[in-house]
Amino acid sequence: MKRKLVVVLAAAMTMSMVLSACGGSSSSGTSGSASSSTASSGKQLVCELGPDPETIDPALNTTVDGGNYITFCFDNLLAIDKDNKVVGACAEKWETSSDGLTWTFHLRDGLKWSDGSALTAKDFVYSWQRVANPDTAAPYGETVLAMVKGYNDAIGNPDDSGNTTTTPDPTKLAVTAKDDKTLVVELSAPCAYFDKLAAFATLCPVKQDAVEKDPEGWAVNASSYVTNGAFYISDWVPGSYIEFTKNPNYWNADAVKLSSIKCLLMQDPNAAYSAYQTGEAQMIKDVPTEEIASLKSNSDFHIDPTLGTYYVSLNDQLDMFKDARVREALSLAVDRKYISETITQGVYTPAGNFVGTGVADWDGSNFMDNANGGKTYIDINDYDGNLAKAKELMAEAGYPNGEGFPTMTYSINDAGYHKAIAEYLQQAWKELGITVNVDVVEWKAFTPLRRAGDYQSSRNGWLCDYNDPSNILQLMYSTNGNNDGKYSNAEFDAAMDKAATEVDPKTRSGYLHQAEDIMMNDASCIPLEYYNDFYLQNAKITGSWHSPYGYWYFQYADISE
């Protein structure tokens with residue numbers, strides 16, 4: 001199958017519109033001073049959500065920061081509101097056939113792109129076909145579209161090895177514009193969470209002429225980045241900031257109170273913290289870990305739960321990790337409670353399963369509570385026993401006390417707790433006689449490196465895109481575009497395939513639990529911690545919310561005087 005990976009490189013962007021922006025006022029202490037500009041330019045919210053994104057092409061993005069910028073700029077058919085409920089967006093109403101196989105979305109009157117041109121159901125057809133097209137190499141393609149009728153024909157009918165057996169034809173995807181305001185989607189099997197997929201950023205509409213005029217550059221140029229959401233990009237200075245301006249053509253523009261959002265692009269948490277202290281920023285995502293203890297009593301400091309797992313990917317293509325006993329040994333040698341309580345100062349929670357806290361099972365209970373007979377796969381309270389077992393496994397695999405095992409490289413990006421955890425893993429795996437070197441990679445190059453398999457071991461993490469265990473378990477599916485560890489197990493794939501077509505919720509849940517049993521027994525990855533987001537936000541920002549999927553919703557925010 002032909003795969004063309006489009007990687008967005010930071011390049012100087014030409015400003016298509018100039019926005020009069022105001023700087024934040026200075027203040028002392030740790031509370032950023034929320035500010036608004038003059039009446040002529042309106043209110044601007046200044047925040048920090050990360051460094052330069054790898055991409056903000058909806059079809060290609062896999063990161064939370066990129067997804068947040070896409071959420072500012074694009075509206076999908078449906079959306080997730082502040083109560084984590086699915087609500088109408090571009091579609092004001094929708095219905096599902098009695099057999100669950102046909103979804104019909106009715107678009108609002110007068111939808112427009114940010115350039116003022118009409119947005120119709122045909123734009124969704126083009127955008128979804130683009131995601132399915134193998135030439136796009138959309139990492140989420142299989143995850144969001146595999147259940148749509150005609151998907152295999154669209155990608156070229158892959159065989160068991162993932163090779164195409166027919167010519168890919170994205171037009172075979174059963175997504176049809178019945179008329180300008182009616183989109184019909186036919187599924188090959190019922191999908192209980194398809195409404196959540198219709199709210200997911202990958203399937204946002206993109207404007208065909210803008211994309212096809214410059215397929216690899218449209219998403220890095222303000223003049224070609226045509227949007228349909230609450231904001232459009234008016235200025236982007238790589239390494240400095242992205243400025244979003246209110247889109248007057250947005251269908252819900254009357255509800256948007258800010259005139260602009262300025263996102264500072266920062267790699268260094270200390271620089272972000274300084275911007276918050278001086279009032280340059282009113283919200284920062286990246287708080288220096290050394291400041292956590294002193295900030296816990298500050299009302300501006302927030303710790304919010306998310307549906308996500310921090311884990312280690314091991315590159316299964318390498319001989320050093322092909323033995324499951326080695327992978328399990330590396331996992332058991334880690335003291336997860338120490339990471340949680342000492343390194344992350346209680347901000348993260350130790351992970352004994354892959355599917356973490358808050359992810360719902362078929363009956364609304366926690367999926368992890370029903371896993372493995374009600375017990376965690378890894379006993380986080382018995383580190384000494386785990387370490388002893390790890391040493392036995394290494395000996396059984398032919399590496400007693402690490403003898404003969406090659407030096408490992410562990411790759412990270414330099415943010416949050418990644419470096420501190422990496423330094424701990426060096427010490428933990430030294431207990432097995434293994435030498436580990438840490439490779440710090442710039443963020444914009446980090447996810448492409450993992451996706452290409454150009455690493456040995458690496459920090460990884462996943463925040464669920466929707467509340468269903470399949471979303472994170474899909475990461476271990478052999479052909480999934482986000483399977484960075486290149487794990488492949490036919491039994492795991494079969495369990496996931498059964499879950500994908502099962503109508504009965506309880507039976508489907510059983511297949512998903514079976515899948516987690518398989519990947520955890522295989523040590524397909526090393527779950528370390530369950531994520532929580534910690535950040536600073538000024539109390540003068542009102543009307544915003546933070547979702548359990550790791551996004552900050554500032555589209556309807558305001559700044560009080």
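Numbers here simply count residues along the sequence, with the first being 1.
S470 and D468 are linked by a side-chain donor-acceptor pair at a separation below 3.5 angstrom, with hydrogens and angles left out of the test. Donor-acceptor pairing under 3.5 Å is lacking for the side chains of S478 and N483. In summary, the side chains of Y140 and N61 do not present any donor paired with an acceptor at a separation below 3.5 Å, with no hydrogens or angles considered. Between the side chains of N157 and N152, no donor N or O sits under 3.5 Å from an acceptor N or O. For the 3.5 Å distance criterion, the side chains of E54 and T447 qualify, holding a donor opposite an acceptor. Between E95 and H106, the side chains place a donor N or O and an acceptor N or O closer than 3.5 Å (distance only, hydrogens not considered). Remark: the S524 side chain and the D522 side chain contain no N/O donor-acceptor pair separated by less than 3.5 Å. Looking at Q537 and S544, their side chains do bring a donor and an acceptor atom within 3.5 Å of each other.
P205 and L119 get closest at one heavy-atom pair: CG-CD1, 4.3 Å.
Between D65 and K285 there is no salt bridge, since none of the side-chain N atoms of the basic residue sits less than 4.0 Å from a carboxylate O of the acidic one. Note on K122 versus D179: no salt bridge recorded, every NZ/NE/NH1/NH2 to OD/OE distance being 4.0 Å or above. Between D75 and R108 there is no salt bridge, since no side-chain nitrogen of the basic residue lies less than 4.0 Å from a carboxylate oxygen of the acidic one. Ionic pairing of D484 and R450 is present here: one or more N-O contacts between side-chain nitrogen and carboxylate oxygen are shorter than 4.0 angstrom.
Between the side chain of Y530 and the main chain of G358, no donor-acceptor pair closer than 3.5 Å is present.
Between H418 and F446, the distance from one ring center to the other does not fall under 6.0 angstrom.
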Item checked: Test ring-ring contact (aromatic ring centres under 6.0 Å, His included) applied to F534 and Y417, step by step -> CA-CA 12 Å; F534 54 96; Y417 288 107; 5.8 Å; yes
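Of the residues listed (W545, Y535, Y69), the one engaging W552 in a ring pair (Phe, Tyr, Trp, His ring centres under 6.0 Å) is Y535, and it is the only one.
Using cut-offs of 30° and 60° for the angle between ring planes, the F200 and Y466 rings count as perpendicular. In this pair, Y311 and F354 present their aromatic rings perpendicular. The plane angle is above 60°, beyond the 30 to 60° band.
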